[in-house]
Amino acid sequence: MALIAANHLTLILEFAILIHIAVLLLVNFIPLSYSIVFLLSIIVGSGITLIFGYDALCLLVPFLSHHEFTHPYGPIAILAVVTSWATIPFMEDQGVKTSSIKLLLYLITGGITVFGAIVHRDFLIMWVLGLVVGFFIINKLFDKESFITPRRIIILVGGLLLLFGVMEGIAQLLNMQIISPLARIDRMNLNQFSSLKLVIDNTHLWGHNANATYWGNSSLGNSDGYISLPLTYITSLGLPYPLFYGILVTKKDVIDYFLPGIFGIGFDFGYVALALIILFILAVIIIGLVILRKYKEQRHRGNKKYYGREALLTGSLSAFIAQTILGLFIITRTINGSAMVTYLLLSALVLAHVVTTKR
């Protein structure tokens, strides 16, 4: 009975431990050559392009249901695409012609950019962050000219503004507020400030003031379910936890699910838990960067054993950093619910490289 989680927080911790162990075993007992890693990343990237395209189509066809796949699968898209691009230098070193492969990657990258932006504007921010971080790491690993230049920054910002402008024009022309960037900004401004005031005034070292939430006597004052694994996990397991996350979508005047993650996590679990989570996140990023440096050193010594692992770690770390920035500082939803499963998977994919097996 002691292994049964008592609340949302302990369930998240137990799930995190299990997924980290499972991924560590998987990564270290499956041979990860760069060709296998590339093939898997291309398959995943192509699949995500298709489901994002379908989701974008759902916005235009009335009888199709919109799913917002960008929340759980957006970081996976970054993982797949950056990993694919990270294998290109290895192929070129082996004398492989990569022109057709690069064309395929451009099509996948462009498709995910367009479809993902249509489905959710927040995804576009994370997507750009992930690509920038990913190409920056790739260039550093292979001592290439920095991807981040003033000219490219201007082009990138200009492209984003143009895309937002096109989406706003389509939204106004077709009266589709669901794809309007301005409508999303207005919605965030309308709800976030009142939510911030409530959260800041009622957050404690452990949890929050139980009377601060609209659910009143049902509140536990800690781990109420604002930050949670997917609700289907909890209901299918028959766990007696409060389930307020889904309700919050329609209760934005109390606590908005657009609230930045540092406030959402702090409110639900308390400042102590928030500090520990931030330390864990920093540890994952630092460990990932240190291991990438070690992989680079091995490669310079002529060791080809870690090519696939290096590419996979580059994609995993890029996706983890991008999801962290968006989730902690812009919108909790990108690291909550089903997106939390993805987030834990990415951290597991980074930390799995701490262990290597001898064959």
Side-chain angles (χ1 to χ4, degrees), residues 5-17 19-20 71-72 74-75 122 125-126 129 188 191-210 212-215 219-231 233-234 239 241-249 251-252 254-286 319-348 350-351:
N7 53 38
H8 288 279
L9 179 58
T10 51
L11 178 64
I12 292 169
L13 291 175
E14 288 187 6
F15 181 83
I17 292 170
I19 198 170
H20 278 74
H71 291 305
D122 306 314
I125 300 173
M126 181 172 62
L129 283 171
M188 292 175 70
N191 299 301
Q192 275 195 353
F193 293 112
S194 59
S195 297
L196 283 173
K197 185 178 186 307
L198 183 148
V199 165
I200 292 172
D201 291 344
N202 293 280
T203 301
H204 304 317
L205 286 177
W206 296 104
H208 53 267
N209 180 0
T213 54
Y214 81 91
W215 47 84
S219 175
L220 302 175
N222 191 311
S223 193
D224 271 337
Y226 178 68
I227 304 296
S228 175
L229 288 172
L231 303 186
Y233 285 24
I234 297 163
L239 298 173
Y241 305 156
L243 300 176
F244 298 119
Y245 173 63
I247 299 173
L248 290 168
V249 175
K251 293 288 184 180
K252 302 179 186 69
V254 182
I255 301 178
D256 185 40
Y257 69 97
F258 282 111
L259 200 69
I262 54 173
F263 298 104
I265 294 170
F267 179 80
D268 211 14
F269 306 134
Y271 287 123
V272 173
L274 173 63
L276 293 174
I277 290 170
I278 290 176
L279 288 175
F280 170 76
I281 291 170
L282 291 174
V284 171
I285 295 173
I286 292 170
F320 182 81
I321 291 173
Q323 192 176 6
T324 296
I325 294 173
L326 189 68
L328 287 187
F329 302 108
I330 299 179
I331 173 174
T332 302
R333 192 177 182 186
T334 55
I335 55 171
N336 205 356
S338 56
M340 183 184 293
V341 177
T342 301
Y343 194 56
L344 294 175
L345 174 63
L346 291 175
S347 69
V350 174
L351 295 179

Inset, instruction - Please confirm whether the backbone N or O of M340 pairs with a side-chain atom of Q323, one donor and one acceptor, at under 3.5 Å? - result: no
Inset, instruction - Before giving the answer on side chain to side chain contact (heavy atoms under 4.5 Å, CB included), spell out for T324 and I335 the whole-Å C-alpha distance, their side-chain angles and the decisive distance to 0.1 Å. - result: CA-CA 8 Å; T324 296; I335 55 171; over 6 Å; no
Legend entry - Point-to-point distance, once rounded to the nearest 0.5 Å, from OH of Y343 to CG of L345: 12.5 Å
Inset, instruction - Kindly give the heavy-atom pair with the smallest separation between D122 and L326, and that separation in Å. - result: O-CD2, 3.4 Å
Inset, instruction - Verify, without hydrogens or angle tests, whether S223 (side chain) and H8 (backbone) share a donor-acceptor contact under 3.5 angstrom. - result: yes
Inset, instruction - Taking the side chain as every heavy atom from C-beta outward, state whether P260 and I330 have any atom pair closer than 4.5 Å. - result: no
Legend entry - Side chain to side chain, T342 and F320, heavy atoms closer than 4.5 Å: no
Legend entry - Set of residues satisfying side-chain hydrogen bond (donor to acceptor under 3.5 Å, both in side chains) with respect to N222, sequence neighbours excluded: none
Inset, instruction - State, with a plain yes or no, whether a side-chain heavy atom of L239 is found less than 4.5 Å away from one of Y233. - result: no
Inset, instruction - Report the distance from atom CG of L351 to atom CG of L346, rounding to the nearest 0.5 Å. - result: 11.0 Å
Legend entry - All pairs passing salt bridge (charged side-chain N to carboxylate O under 4.0 Å, His left out) where residues 198-208 contributes a residue, at least two apart: K197-D201
Legend entry - H20 versus S347, side-chain donor and acceptor atoms under 3.5 Å: yes
Inset, instruction - Assess whether side chain to side chain contact (heavy atoms under 4.5 Å, CB included) is satisfied between Y241 and L231, documenting all intermediate values. - result: CA-CA 10 Å; Y241 305 156; L231 303 186; over 6 Å; no
Distance-only criterion, 3.5 Å: show the donor-acceptor pairs between side-chain atoms of residues 263-279 and protein atoms not counting sequence neighbours.
| unit_1 | atom_1 | unit_2 | atom_2 | d |
| --- | --- | --- | --- | --- |
| D268 | OD1 | D224 | N | 2.8 |
| D268 | OD2 | G225 | N | 3.4 |
| D268 | OD2 | Y226 | N | 3.0 |
| D268 | OD2 | I227 | N | 2.9 |

Inset, instruction - For residues A319 and P75, report the shortest heavy-atom separation together with the two atoms involved. - result: CB-O, 3.3 Å
Inset, instruction - Mark yes or no for whether N7, through its side chain, and T10, through its backbone, hold a donor-acceptor pair below 3.5 Å. - result: yes
Inset, instruction - Look only at the side chain of N336 and the backbone of T332, and say whether a donor-acceptor pair between them is shorter than 3.5 Å. - result: no
Inset, instruction - Check whether any side-chain heavy atom of P72 sits under 4.5 Å from a side-chain heavy atom of V341, and report yes or no. - result: no
Inset, instruction - Indicate yes or no for a side-chain donor-acceptor contact from T203 to the backbone of H208 under 3.5 Å, with no hydrogens or angles considered. - result: no
